[in-house]
A.B. asks: 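Sending over a structure as structure tokens; questions will come in a sec.
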Amino acid sequence: MIVFTNETDTIFAVASGAGRAALTVLRISGPGSGAVLEALCRRRPEPRVATLRVLRGTDDAVLDRALVLWFPGPGSYTGEDSAELHLHGGRAVLAAVADALVTLGARPAEPGEFTRRAFLNGRMDLLEAEAVADLVEAETAAQRTQALRQLEGSLGGVYRGWTSRLTRLLAQQEALIDFPDEDLPPQVEAGIRAEIAALAGEVGAHLDDGRRGERLRDGLVFVIAGPPNVGKSTLINRLAERDVAIVSPAPGTTRDVLETRVDLGGVPVTLLDTAGLRDSADAIEAEGVRRARARAQAADVVVVVQDASCPPTAPGIDGAQGVVIRVANKIDLARPVGEDVVGISALTGEGLDQLRQVLCDTARQLTQAEGPPPLTRARHRKALHEARSRLQSAGEAELPELRGEDLRLALRSIGRITGTVGVEDILDSVFGQFCIGK
Ligand SMILES: Nc1nc2c(ncn2[C@@H]2O[C@H](COP(=O)(O)OP(=O)(O)OP(=O)(O)O)[C@@H](O)[C@H]2O)c(=O)[nH]1
Ligand SMILES: [K+]
Ligand SMILES: [Mg+2]
């Protein structure tokens, strides 16, 4: 019994966690939402008032007693008529209600389809839509803070500012082209060039952020590296507060790279334990050492561990891209030497608080959750690089027409970030990463 057919489907999905639970929130959105609600509850509740209703199938059988919310568009999350059913969280209830919805003409939503409709209906820009996904994915306080700031429009505000300045510039540039022989004061041309240079500088500074926004969103990688038997595995077990790695007095115990997730100062960090760095005739150990070196070189932070009771050896991690933190372990056997070394005993726990503090401070410095809003995705970075190079070429252009074209393309690149222009081709990839029901 289809109660409605229209060009835009009415969709539904579980918006809360699936599986047995006290409650399951089922979300509905689309032009048929009102009709579906009337078919299920016999009467549409007052808008935005949580109302207890008996839900009935098309055969009049009772499906559930649920709290129902009706959100008439456009003042809803998706910008279209939508509803929420707060059901008893059992599989049988959910299956019965889902069957009823399909019979009534609704269909299961695609991943991210609710937020995609919110974007297409102008309820949020593409950055805010991405922030919704980041908020759902956030594992730590700093990630949540960054996602909320982006959801509140802080990052979008930066790009909207540039967009309006570029739009003004383009208008001035067009005037130069349309009225060439007007004796426009020479400072108009100079003013345009100065503003182009200022915008290029601001975009460059925004790009030159050490990838702090992306790093916070993706999480940092800290690698524990150093010669065999210095206590690397004992240290990761201490920091992870669980037995991640095997500890033994035999050098060459750890072969594979072992990973664990820790929260350092609100920043999600993947902490790696690695094989002791040495030349080895044992092919398996040698492969472990190769992997250790490769991960250490690519890491955001390398914790180089030495044994305070032995003369330090060169760890052989040349070309490490990240921050290096030097640790002298086993200070229960000998006092550490050297200024910039953190002395600890992973066995007794001495010095561990100080090391944790150093690690947290480093993680926060690399992600700087405060400060101006950072870009947070590779697609932002790509579009900004395009915009900056267009601005630079506009600044060098002699012909007003060429300068105008470069400014137009710079405007387009920035518009792609907030989603105001030319984003049809990326919507699937942006919203495909969302979970169902979002
Ligand atoms: N006295 C003392 N012994 C320690 C300390 N930390 C680790 N050890 C001991 O040193 C030995 C090696 O510890 P591991 O954690 O396996 O060292 P590792 O660097 O992971 O060794 P490989 O995986 O073989 O490279 C074990 O017997 C540990 O108990 C420490 O702070 N003080
Ligand atoms: K060992
Ligand atoms: Mg080990």
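On a predicted model such as this, the values are computed, not experimentally measured, just so you know. This chain uses plain numbering: 1 for the first residue, then up along the sequence. Both backbone and side-chain heavy atoms feed into the values below; hydrogens, waters and symmetry mates do not. Counting starts at 1 for both ligands and their atoms, in listed order.
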A.B. asks: Measure the CG-CG distance between Asp64 and Leu85 for me, rounded to the nearest 0.5 Å.
C.D. replies: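 Between Asp64 CG and Leu85 CG, I get 9.0 Å after rounding to 0.5 Å.
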A.B. asks: When rounded to the nearest 0.5 angstrom, what distance separates OG in Ser76 from CZ in Arg123?
C.D. replies: 6.0 Å
A.B. asks: For atom 26 (C) of ligand 1, find the nearest protein heavy atom and state the residue, atom name and distance (0.1 Å precision).
C.D. replies: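 Protein heavy atom with the smallest distance to atom 26 (C) of ligand 1: Ser248 O, 3.6 Å.
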A.B. asks: For ligand 1, indicate whether the residue Leu333 contacts it via side chain, backbone, both or neither (heavy-atom separation under 4.0 Å).
C.D. replies: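 For Leu333, only side-chain atoms sit under 4.0 Å from ligand 1.
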A.B. asks: Classify the side-chain pair Asp353/Gln357 by whether it contains a donor and acceptor separated by less than 3.5 Å.
C.D. replies: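 Note: Asp353 and Gln357 side chains miss the donor-acceptor criterion.
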A.B. asks: Nearest protein heavy atom to atom 23 (O) of ligand 1, by residue and atom, and its distance?
C.D. replies: Thr254 OG1, 2.8 Å
A.B. asks: Verify whether one side chain among Glu285 and Ser280 offers a donor that lies under 3.5 Å from an acceptor in the other.
C.D. replies: yes
A.B. asks: Has Ser309 got any heavy atom lying under 4.0 angstrom from an atom of ligand 1?
C.D. replies: no
A.B. asks: Within 45° of the ring axis of Tyr77 and under 6.0 Å from its six-membered ring centre, is that where the NZ or CZ of Lys438 lies?
C.D. replies: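 Yes, a cation-pi geometry.
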A.B. asks: Side-chain donor-acceptor pair under 3.5 Å between Asp332 and Ser345, yes or no?
C.D. replies: yes
A.B. asks: If you measure every N or O of Ala346 against every N or O of ligand 1, does any of those distances drop under 3.5 Å?
C.D. replies: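 So ligand 1 has an N or O lying under 3.5 Å from an N or O of Ala346.
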A.B. asks: Among all protein heavy atoms, pick out the one at the shortest distance from atom 10 (O) of ligand 1; state its residue, atom name and that distance to 0.1 Å.
C.D. replies: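 Protein heavy atom at minimum distance: Lys330 NZ, 3.2 Å.
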A.B. asks: Run down the list Pro228, Gly252, Ala245 and name the one with the heavy atom closest to atom 24 (O) of ligand 1.
C.D. replies: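 It is Gly252 that holds the nearest heavy atom.
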A.B. asks: Nearest protein heavy-atom contact for atom 28 (C) of ligand 1: which residue, which atom, what distance?
C.D. replies: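 Checked against all protein heavy atoms, atom 28 (C) of ligand 1 sits closest to Val247 CG1, 3.7 Å.
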A.B. asks: For ligand 1, which atoms have a heavy atom of Gly276 less than 4.0 angstrom away?
C.D. replies: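 In order of numbering, the contacting atoms are 25 (O).
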A.B. asks: Select one of side chain, backbone, both or neither to describe which atoms of Asp332 lie under 4.0 Å from any atom of ligand 1, heavy atoms only.
C.D. replies: side chain
A.B. asks: How does Pro251 reach ligand 1, by side chain, by backbone, by both or by neither, if only non-hydrogen atoms under 4.0 Å count?
C.D. replies: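 The answer is the backbone.
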A.B. asks: Strictly by modelled atom types, are Asp307 and Ser309 linked by a side-chain donor-acceptor pair under 3.5 Å?
C.D. replies: yes
A.B. asks: If you measure only the distance, is there a donor-acceptor pair under 3.5 Å linking the side chains of Thr78 and Ser29?
C.D. replies: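 Note: Thr78 and Ser29 side chains meet the donor-acceptor criterion.
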A.B. asks: Arg278 and Val289: which non-hydrogen atoms are nearest, and at how many Å?
C.D. replies: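 Minimum heavy-atom separation between Arg278 and Val289: O-CG2, 3.5 Å.
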A.B. asks: Any side-chain donor paired with an acceptor under 3.5 Å for Ser33 and Thr10?
C.D. replies: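 Ser33 vs Thr10: no donor-acceptor pair found between side chains.
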A.B. asks: How far is atom 7 (C) of ligand 1 from its nearest protein heavy atom, and which residue and atom is that?
C.D. replies: Thr234 OG1, 3.2 Å
A.B. asks: Quiz question: by atom type and distance under 3.5 Å, do the side chains of Thr8 and Arg117 form a donor-acceptor pair?
C.D. replies: no
A.B. asks: When you check the space around the K ion (ligand 2), which protein N, O or S atoms turn up under 3.4 Å?
C.D. replies: Asn229 OD1, Ser248 O, Ala250 O, Thr253 OG1
A.B. asks: If you measure from atom 6 (N) of ligand 1 to every heavy atom of Asn329, Asp307, Leu352, Ile344, which option wins on shortest distance?
C.D. replies: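 Closest candidate by heavy-atom distance is Asn329.
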A.B. asks: Can you name the atoms of ligand 1, numbered from 1 with element, that are less than 4.0 Å from a heavy atom of Ala250?
C.D. replies: 24 (O)
A.B. asks: Using distance alone, with no hydrogens and no angle criterion, decide if Glu214 and Thr376 have a side-chain donor and acceptor under 3.5 Å apart.
C.D. replies: no
A.B. asks: Would you kindly say whether Ser248 and Thr253 are connected by a side-chain donor-acceptor distance under 3.5 Å?
C.D. replies: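 Side chains of Ser248 and Thr253: pair found under 3.5 Å.
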A.B. asks: Which ligand 1 atoms, with their elements, are less than 4.0 angstrom from a heavy-atom of Ser345?
C.D. replies: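 Within the 4.0 Å cut-off of Ser345, ligand 1 contributes 30 (C), 31 (O), 32 (N).
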A.B. asks: Distance alone, cut at 3.5 Å: any donor-acceptor contact between the side chains of Asp263 and Thr140?
C.D. replies: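 Absent: no donor and acceptor within the cut-off.
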A.B. asks: Between ligand 1 and Asp273, is the shortest N or O to N or O distance under 3.5 Å?
C.D. replies: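 Looking only at distances, the answer is no, because the N/O contact criterion of under 3.5 Å is not met.
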A.B. asks: Under 2.8 Å from the Mg ion (ligand 3), can any N, O or S atom of Thr274 be found?
C.D. replies: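 Short answer: no, not a single N, O or S atom is under the cut-off.
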A.B. asks: Starting from atom 17 (O) of ligand 1, which protein heavy atom do you reach first, and at what distance in Å?
C.D. replies: Gly231 N, 3.1 Å
A.B. asks: If you draw the axis of the six-membered ring of Phe114, does the NZ or CZ of Arg27 fall within 45° of it and under 6.0 Å from the ring centre?
C.D. replies: yes
A.B. asks: Which is closest to atom 22 (P) of ligand 1 in terms of heavy atoms, Asn237, Thr348, Ile224, Asn229?
C.D. replies: Asn229
A.B. asks: Please confirm if an N, O or S atom belonging to Thr254, backbone or side chain, lies less than 2.8 Å from the Mg ion (ligand 3).
C.D. replies: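 Yes, Thr254 qualifies, because one of its backbone or side-chain N, O or S atoms lies under 2.8 Å.
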A.B. asks: Specify the protein heavy atom at minimum distance from atom 18 (P) of ligand 1: its residue, its atom name, and the distance to 0.1 Å.
C.D. replies: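 Checking every protein heavy atom, the shortest distance to atom 18 (P) of ligand 1 gives Lys232 N, 3.5 Å.
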A.B. asks: Would you sort out whether Arg377 and Asp134 count as a salt bridge (Lys or Arg N to Asp or Glu O under 4.0 Å), showing the intermediate values?
C.D. replies: CA-CA 11 Å; Arg377 289 175 189 232; Asp134 292 348; 2.8 Å; yes
A.B. asks: Among Leu347, Thr274, Ile236, which one puts a heavy atom closest to atom 30 (C) of ligand 1?
C.D. replies: Leu347
A.B. asks: What's the shortest heavy-atom distance between Ile331 and Pro336, and which atoms?
C.D. replies: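 Closest approach of Ile331 to Pro336, heavy atoms only: CG2-CD, 3.6 Å.
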A.B. asks: Give yes or no for whether the N/O distance cutoff of 3.5 Å, strictly under, is met between Val230 and ligand 1.
C.D. replies: yes
